[in-house]
Each structure stands twice: as C-alpha cells, then as structure tokens.
Amino acid sequence: MSVYAVIDFETTGLSPEYGARPTEIAVVLIDGDRILDRYQSLMNPGVPIPYDIQTLTGITNAMVRSAPKVETVMAEASDFVGDHPMLAHNAAFDRKFWDTELQRIKRWQQKEFACSLLLARRLFPQALNHKLATLVRTLHLPATGRYHRALADAEATAYLLQRIKQEIQHRFGLSAVSHELLIAIQSTNRNKLEACVERHLNTGK
DNA sequence: TGCCAGGCCCTCTTTAGGGCCTT
C-alpha cells in the first residue's frame, strides 16, 4: 500500500514570514485510485482576512471567528497525516505554512513534499497552463466542488496525483510509482525526463 | 479591507529578467 497525504491550505496571504496564517486546511489520504479518508477544518487565524482573499476563497472573518484555533487544528492535521508522504499543488507554498505552524506547536518533522505543479509541468507540457483548475479540465478529472476551498482543492489534487501516476506508469511501463521516483521526476528538467527515470530505475536515485 | 514571497522555468540567458503558481 502506498498512501499519500494530499494537503491544501487556505490562508490570509502568501507568506507566513509577513504574518499570513492559515484559515482552512484539508488532507486527503489516497491509496492508488482510492480515497481512503479526509480531514478538513476551518481555523481562527487570529489576524484579519484581507477583503480580496475573502472574495477569492469565500472564507470570511465571520466564518473563522468561532472556528478552533490554528494550533488545535494543526495538531489534529499532523496526527491525521502521520508518517505518510505528502503532496500539494505548488508544494513550496503549502510546505511554508505546514512547517511554520508545526514549528509553533513544536510538532515539526522533516518531510519531503512531492509537488503536483512541478510534476504536471514535466508530464503535461501541452496544457494551456498548470493551474489546478485548468489541469482538472484538461485531464478530465472529477469535479470536486468550489475551487479555493481546501477540501475541494485537496481532492482535485489527489485525482491529479492519480492521473500523474497513471501517466508515468504508462509512459515508462512501470507497475508502480514510488515517492522517490516522483521526487526525482519533479527535480529534473522535463527535457531530461526519460534519462532521469532510467537513472532512477537503475540506481534508485 | 492596504503593503509584504519565493522557487521554478524559459529565453532575446548564464555578470538577468520576467512569467508562472499558490492565497
């Protein structure tokens, strides 16, 4: 069994270093093509949500006022993820918030995130762009709900991961795709994709 | 209802600049 924890944050801004904090998180556990479980919660960020972000996500200050504290939700989310490998769409963004908030509650552990944005750029260069919504349409993935809500985006990303794995298996004749292979592919230039996969299969690197 | 990022990729590049993507 190779279970992935696919996560998505909604936040008050783009950078925790400038005071942005999460307003919602969702985690989807997916094994192959089967969603095993879901975790989702709003949280009270303790700082105002800018108007344009309220418009983008639909998450208002009123909605998070009575939500649990960030610390409480992040502890639950961390327990839910456990030791599973993690993936997000544009993982550099979600990883910043994941690391920052878990460091606050002294629950941080070293985790290597796979990134469906980088992988999609390698594997589907013909796509109009590599926004999550565009990839869902282009690849005919299941509709999951309103974009820019954590659970809908995490589920869409989980289906994208499934499609990415299918593409790798089909293109390279593999029966399974490991976390290490995903990391290797996302870390290489798309023009060197075949060489990267061949090297990984031969050496594991 | 402000402002604030940063890693990756491409190219008119590499002594750089700008677009993409996340909220």
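No hydrogens, no waters, no symmetry mates; every other heavy atom, side chains included, goes into these values. Convention: sequence-line order gives letters A, B, ...; per-chain numbering from 1. These figures come from a predicted structure and were not determined experimentally.
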Chemist: Among residues 60-77 of chain A, which ones have heavy-atom contacts with DNA chain B below 4.0 Å?
Modeler: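 Those residues whose heavy atoms fall under 4.0 Å from DNA chain B, taken from residues 60-77 of chain A, amount to none.
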Chemist: Classify the nucleic acid contact of Leu132(A) as base, sugar-phosphate or nothing, counting any heavy atom under 4.0 Å across all strands shown.
Modeler: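 Sugar-phosphate, backbone atoms only, no base.
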Chemist: Rounding to the closest angstrom, what is the interatomic distance between dC21(B) and dT15(B) at atom C1'?
Modeler: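 Result for the C1' pair: 28 Å, nearest Å.
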Chemist: Going by the side-chain hydrogen bond (donor to acceptor under 3.5 Å, both in side chains) test, name the single residue among His179(A), His84(A), Gln162(A) that passes it with Tyr4(A).
Modeler: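 Answer after filtering His179(A), His84(A), Gln162(A): His179(A).
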Chemist: If we take the P atom in both dG18(B) and dT14(B), what is their distance in whole Å?
Modeler: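 The same atom, P, in both gives a distance of 13 Å.
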Chemist: Going by an N to O cut-off under 4.0 Å, is there a salt bridge joining Lys165(A) and Asp33(A)?
Modeler: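 Not counted as a salt bridge, because no side-chain N and carboxylate O are separated by less than 4.0 Å.
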Chemist: OP1 or OP2 of dC21(B) versus the side-chain N and O atoms of His130(A): is any pair under 4.0 Å?
Modeler: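 Looking at the OP1 and OP2 atoms of dC21(B), one of them is under 4.0 Å from a side-chain N or O of His130(A).
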Chemist: Mind checking whether Phe9(A) and Phe97(A) have parallel, tilted or perpendicular rings, split at 30° and 60°?
Modeler: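 Phe9(A) and Phe97(A): tilted rings.
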Chemist: Give Leu117(A) one of three labels, base, sugar-phosphate or nothing, depending on what nucleic acid heavy atoms sit under 4.0 Å from its own.
Modeler: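 It contacts sugar-phosphate atoms only.
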Chemist: Which of residues 5-24 of chain A have a heavy atom under 4.0 Å from DNA chain B?
Modeler: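 Asp8(A), Phe9(A), Glu10(A), Thr11(A), Leu14(A), Ser15(A), Glu17(A), Tyr18(A), in order of number.
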Chemist: Measuring only the C1' atom in each nucleotide, how far is dT1(B) from dT23(B)? A whole number of Å is fine.
Modeler: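 Going atom to atom, C1' in each nucleotide, I get 15 Å.
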Chemist: Quick one: which of Gln40(A), Met74(A), Glu76(A), Glu10(A) gives a side-chain contact (heavy atoms from CB on, under 4.5 Å) with Ile25(A)?
Modeler: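 Answer after filtering Gln40(A), Met74(A), Glu76(A), Glu10(A): Met74(A).
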Chemist: What's the gap between dC8(B) and dC12(B) when it is taken at their P atoms, as a whole Å value?
Modeler: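 Those two atoms are separated by 23 Å.
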Chemist: Rounded to the nearest 0.5 Å, what's the gap from OG on Ser78(A) to CD1 on Ile105(A)? Could you check?
Modeler: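 The distance works out to 6.5 Å.
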Chemist: At under 4.0 Å between heavy atoms, what does Asn129(A) touch on the DNA or RNA strands: base, sugar-phosphate, or nothing?
Modeler: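 It contacts sugar-phosphate atoms only.
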Chemist: Nearest-Å distance, CD1 (Ile53(A)) to C1' (dT22(B))?
Modeler: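 Value for this atom pair: 11 Å.
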Chemist: Does His89(A) put a side-chain nitrogen or oxygen below 4.0 Å from OP1 or OP2 of dC21(B)?
Modeler: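 For dC21(B), OP1/OP2 do not have a side-chain N/O of His89(A) under 4.0 Å.
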